Amino acid sequence: CDLPDSLHRLPVHPLWQSPLTIPGGTRQSPINIQWRDSVYDPFLKPLKISYDPTTCLHIWNNGYSFLVEFDDSADRSIIVGGPLENQYRLKQFHFHWGAINEWGSEHTVDSKFYPAELHLVHWNAVVYPTFEEAVMEGNGLAVIGVFLKLGAHHEGLQTLVDALPAVKHKDTVIEFDVFDPSCLIPSCPDYWTYAGSLTTPPLTESVTWIIKKKPIEVDENQLEAFRMLLFTSDGEEEKRMVDNFRPLQPLMNRTVRSSFQ
Ligand SMILES: NS(=O)(=O)c1ncc[nH]1
Ligand SMILES: [Zn+2]
């Protein structure tokens with residue numbers, strides 16, 4: 001078989017049989033963040049996060065992760081500052097995780113995987129009329145990435161974990177109408193930022209990534225709750241939702257900037 005060995009060990013899930021690389025892609029995600037190669041940028045501003053917990057709508061198992069979706073019809077949950085030229089509206093957040101604690105995150109730091117990674121997806125509603133249009137533009141999206149590490153119980157995450165059994169199967173939804181995602185973001189202001197892409201189809205090169213330096217801690221039971229979700233619909237042969245992360249992509253001609261020295 002002509003696949004290089006590295007590809008053989010990848011999680012083989014239909015979604016990942018989509019193009020693992022985008023032809024002509026020059027700014028694909030995720031990447032390894034080599035701490036010593038990141039460049040401190042003193043002009044980077046602090047990231048300002050203002051979420052309204054009542055914009056939370058529901059949790060949806062879309063067959064490759066579970067998404068917590070928000071009402072983005074107005075500027076009620078937004079981020080501004082950091083590397084961003086405009087303010088961006090929160091649309092949804094979701095996670096990527098592994099079958100075991102040794103891997104699961106999409107980005108790595110000095111080639112270290114975390115057991116899971118949170119993505120808070122925002123879009124530039126100042127410049128673009130819809131999320132779908134913003135997805136196609138270089139400055140259309142901003143995603144905050146937060147690493148999860150095994151440790152103490154996370155109180156704020158638990159309210160989300162308690163709802164997961166109700167979205168066990170693909171295409172199930174549960175109402176979830178008050179949640180403040182800022183409880184999942186470390187208080188430490190330090191982050192890396194680089195120009196990248198969505199890590200799931202359509203893989204478009206439209207994301208300003210903002211990766212928090214500090215992880216949040218969650219406990220084993222909380223990670224196990226993620227692993228009890230299913231890729232499959234009710235009635236299909238069960239496939240556990242695990243290893244829903246994209247392989248690392250080449251850095252190519254990019255610099256990762258840090259907001260800290
Ligand atoms: N994983 S990601 O944050 O790049 C993403 N969000 C929506 C589609 N893909
Ligand atoms: Zn993601």
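Note that this is a predicted model, so its numbers are computed, not measured. In each ligand, atom 1 is the first atom listed, and ligand 1 is the first ligand listed.
Distances below 4.0 Å separate heavy atoms of V121 from the following atoms of ligand 1: 3 (O), 6 (N). Of all atoms in ligand 1, numbered sequentially from 1 with element shown, those under 4.0 Å from a heavy atom of H94 are 1 (N), 2 (S), 3 (O), 5 (C), 6 (N). Close approach to Q92 involves these atoms of ligand 1, each under 4.0 Å from a residue heavy atom: 6 (N), 7 (C).
For the 3.5 Å distance criterion, the side chains of E106 and T199 qualify, holding a donor opposite an acceptor. In this model, a donor atom of one side chain and an acceptor atom of the other lie less than 3.5 Å apart for W103 and D243. T108 and N32 share a side-chain donor-acceptor pair at under 3.5 Å. Between the side chains of D72 and Q92, no donor N or O sits under 3.5 Å from an acceptor N or O.
Put simply, the side chain of T204 gets close to the backbone of V135: a donor and an acceptor are under 3.5 Å apart.
Considering backbone and side-chain N/O of H96, one or more are found under 3.5 Å from N/O of ligand 1. Residue Y64 has no nitrogen or oxygen atom sitting less than 3.5 Å from a nitrogen or oxygen atom of ligand 1, judged on distance alone. Checking only distances, T200 does come within under 3.5 Å of ligand 1, N or O to N or O.
Of the protein's non-hydrogen atoms, T199 N, 2.8 Å is the one closest to atom 4 (O) of ligand 1.
Geometrically, K91 engages F131 in a cation-pi contact, judged by NZ or CZ lying under 6.0 Å from the ring centre and within 45° of the ring axis.
Here F93 has no heavy atoms under 4.0 Å from ligand 1, in either its backbone or its side chain. When non-hydrogen atoms are compared, ligand 1 lies under 4.0 Å from the backbone of L198 as well as from its side chain.
Only protein atoms were considered; those of element N, O or S under 2.8 Å from the Zn ion (ligand 2) number 3.
Around the NZ atom of K214, the shell of radius 6.0 Å holds no more than 12 heavy atoms that belong to other residues, nucleotides or ligands. The number of heavy atoms from other shown groups lying within 6.0 Å of NZ (K168) is above 12.
Every residue was checked against the side-chain contact (heavy atoms from CB on, under 4.5 Å) condition with P165, not counting sequence neighbours, and none meets it. Annotation: side-chain contact (heavy atoms from CB on, under 4.5 Å) contacts of P189 (sequence neighbours excluded): none. When the side-chain contact (heavy atoms from CB on, under 4.5 Å) test is applied to K112, the partners found at least two apart in sequence or on another chain are Y114.
Within the structure, the closest approach of F95 to ligand 1 does not fall below 4.0 Å when heavy atoms are considered.
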